[in-house]
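Letters go in sequence order (proteins before strands), and every chain restarts at 1.
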Number of protein chains: 2
Amino acid sequence: METRIDRIKKQLHAASYKLTPQREATVRILLDHEEDHLSAEDVYLLVKDIAPEIGLATVYRTLELLTELKIVDKINFGDGVSRYDLRQEGAAHFHHHLVCLECGAVDEIQEDLLGDVEGVVEKRWNFQIKDHRLTFHGICWRCNDRSSQDPPQ
Amino acid sequence: METRIDRIKKQLHAASYKLTPQREATVRILLDHEEDHLSAEDVYLLVKDIAPEIGLATVYRTLELLTELKIVDKINFGDGVSRYDLRQEGAAHFHHHLVCLECGAVDEIQEDLLGDVEGVVEKRWNFQIKDHRLTFHGICWRCNDRSSQDPPQ
DNA sequence: TCTTACTTTATAATCATTATCAATTGATAA
DNA sequence: TTATCAATTGATAATGATTATAAAGTAAGA
């Protein structure tokens, strides 16, 4: 069976890049933390556990490379840090995010909710859409539940 | 007639802040460049023309303050800079953006296209939406027109 | 083995933003 | 007006993320 890493290796080769040990270690960390939204620093600290000799600059370069190849997406939630998010295999568009203003959690919506909206934008604004970023800011289900359980004061 | 500046002055006073000359100069620049998406540095350079003694830190502080009061929105298009965008008066939500990958232009969609989508998200993910960010990346109408006029090679 | 291009590491440099602190200003009461 | 006190400002230092640089390492082909 072909693993996810194998397929990423092929994508690199197709663009004439090698899957060096450092790059592989970085990709493994991303795969192991698919749910999270890691900053370059986060990735660096995690990669150091499995490849202690790696340098921070290499992590940055690798993440940049993976972004170029659309294997990961680089996002920015407004704190001063870029975060890196593995794209679903075969996904044409970037998934959406729910950022909780109370607890800071970031949840993902894999489903594409923008089909209709994109149709409108393409037609009405004569804009040829290549990708999108959609983030909702608000109160997540966890915090919602918690506050509805609170006794009224 | 009450001007836009007057109303902003009231908003500041309501939160017990003053409209100092520096703040006023900064707001004027934002009003004069409503269509643009200025970085703090951009604003600083423009403000210096009408208030030469102003400091960069004051501009940052003012933009931060205006963001807190929801008079402007702070956005980030992925280059390393925050940009500041006047909110439409009375708008509950932030407007959408079209970023052209070819010429870099940033156009605005004032209309709220997310009504239905937000309904779905609130119900299905039990997420209480406070605000949103929606940006499309693609080719703008100007570049579309230009390339359709190009002779096929 | 030799060559060449690619990659990495460590570190310095850059750039946006934030913190600090003394000086200034504005509003208010005496 | 003057005294007072908190808010605000400007200059500058500090921070923190990211990028550039240069020397050394690595892999693959001739």
Side-chain angles (χ1 to χ4, degrees), chain A residues 8-29 37-69 71-85, chain B residues 8-29 37-69 71-85:
Chain A
I8 289 175
K9 187 172 181 176
K10 280 187 186 164
Q11 286 182 264
L12 283 171
H13 285 165
S16 52
Y17 293 109
K18 302 166 195 163
L19 184 63
T20 64
Q22 292 89 338
R23 285 174 183 164
E24 179 168 348
T26 305
V27 170
R28 280 195 192 287
I29 291 300
H37 298 82
L38 303 174
S39 68
E41 187 77 28
D42 294 337
V43 174
Y44 175 59
L45 293 174
L46 289 166
V47 175
K48 287 205 90 161
D49 291 341
I50 59 174
E53 69 309 329
I54 203 170
L56 177 57
T58 300
V59 171
Y60 269 102
R61 271 186 305 244
T62 302
L63 292 171
E64 196 56 41
L65 179 58
L66 295 172
T67 303
E68 249 170 55
L69 298 180
I71 295 166
V72 310
D73 281 295
K74 189 174 175 180
I75 25 169
N76 198 303
F77 292 126
D79 52 348
V81 208
S82 291
R83 297 174 181 282
Y84 298 85
D85 209 350
Chain B
I8 289 175
K9 186 172 181 176
K10 279 187 187 163
Q11 287 183 263
L12 284 171
H13 284 164
S16 52
Y17 293 109
K18 303 164 195 168
L19 183 64
T20 64
Q22 291 91 337
R23 286 175 183 165
E24 180 167 348
T26 305
V27 170
R28 279 194 192 287
I29 292 300
H37 300 81
L38 304 173
S39 67
E41 187 77 26
D42 294 337
V43 174
Y44 174 61
L45 293 174
L46 290 165
V47 175
K48 286 204 91 160
D49 290 341
I50 60 174
E53 68 311 326
I54 202 170
L56 177 58
T58 300
V59 171
Y60 270 101
R61 273 185 301 238
T62 301
L63 291 171
E64 196 55 42
L65 177 59
L66 295 172
T67 303
E68 246 171 57
L69 298 180
I71 294 166
V72 310
D73 281 296
K74 190 175 176 180
I75 26 169
N76 198 303
F77 291 127
D79 52 350
V81 210
S82 291
R83 297 175 181 282
Y84 297 86
D85 209 351

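Checking Arg61(B) against Thr58(B) by side-chain atom types alone, a donor-acceptor pair falls below 3.5 Å.
As judged by a 4.0 angstrom heavy-atom cut-off over every strand, Arg61(B) is placed among the base-contacting residues. Residue contacts for Thr58(A): at a heavy-atom cut-off of 4.0 Å it reaches a base atom on one of the strands shown. Nucleic acid contact for Glu41(A): none, since no nucleic acid atom lies under 4.0 Å from a heavy atom of the residue. In this structure, Ser82(B) reaches the sugar-phosphate backbone alone: every heavy-atom distance under 4.0 Å involves primed, P, OP1 or OP2 atoms, never a base.
Surrounding OH of Tyr17(B) are at most 12 heavy atoms belonging to other residues, nucleotides or ligands under 6.0 Å away.
Relative to the side chain of Val81(A), the nucleotides dA17(D), dG26(C), dT8(C) differ in distance, and dA17(D) lies closest. Taking every side-chain heavy atom of Thr20(A) into account, dT7(C) is the closest of dT7(C), dG10(D), dT18(D).
Between the P atom of dA16(C) and the CZ atom of Phe77(B) lies a distance of 17 Å, rounded to the nearest Å. Atom CD of Gln22(B) is separated from atom C1' of dA23(C) by 13 Å (rounded to the nearest Å). Look at CD on Glu24(A): it is 12 Å from P on dT8(C), rounded to the nearest Å.
Positionally, the nearest nucleotide of DNA chain D for Ser16(B) lies more toward the 5' end than for the other of Ser16(B) and Tyr44(B).
Under the Watson-Crick and G-U wobble criteria, each requiring two contacts below 3.5 Å, nucleotide dA16(C) is paired to dT15(D).
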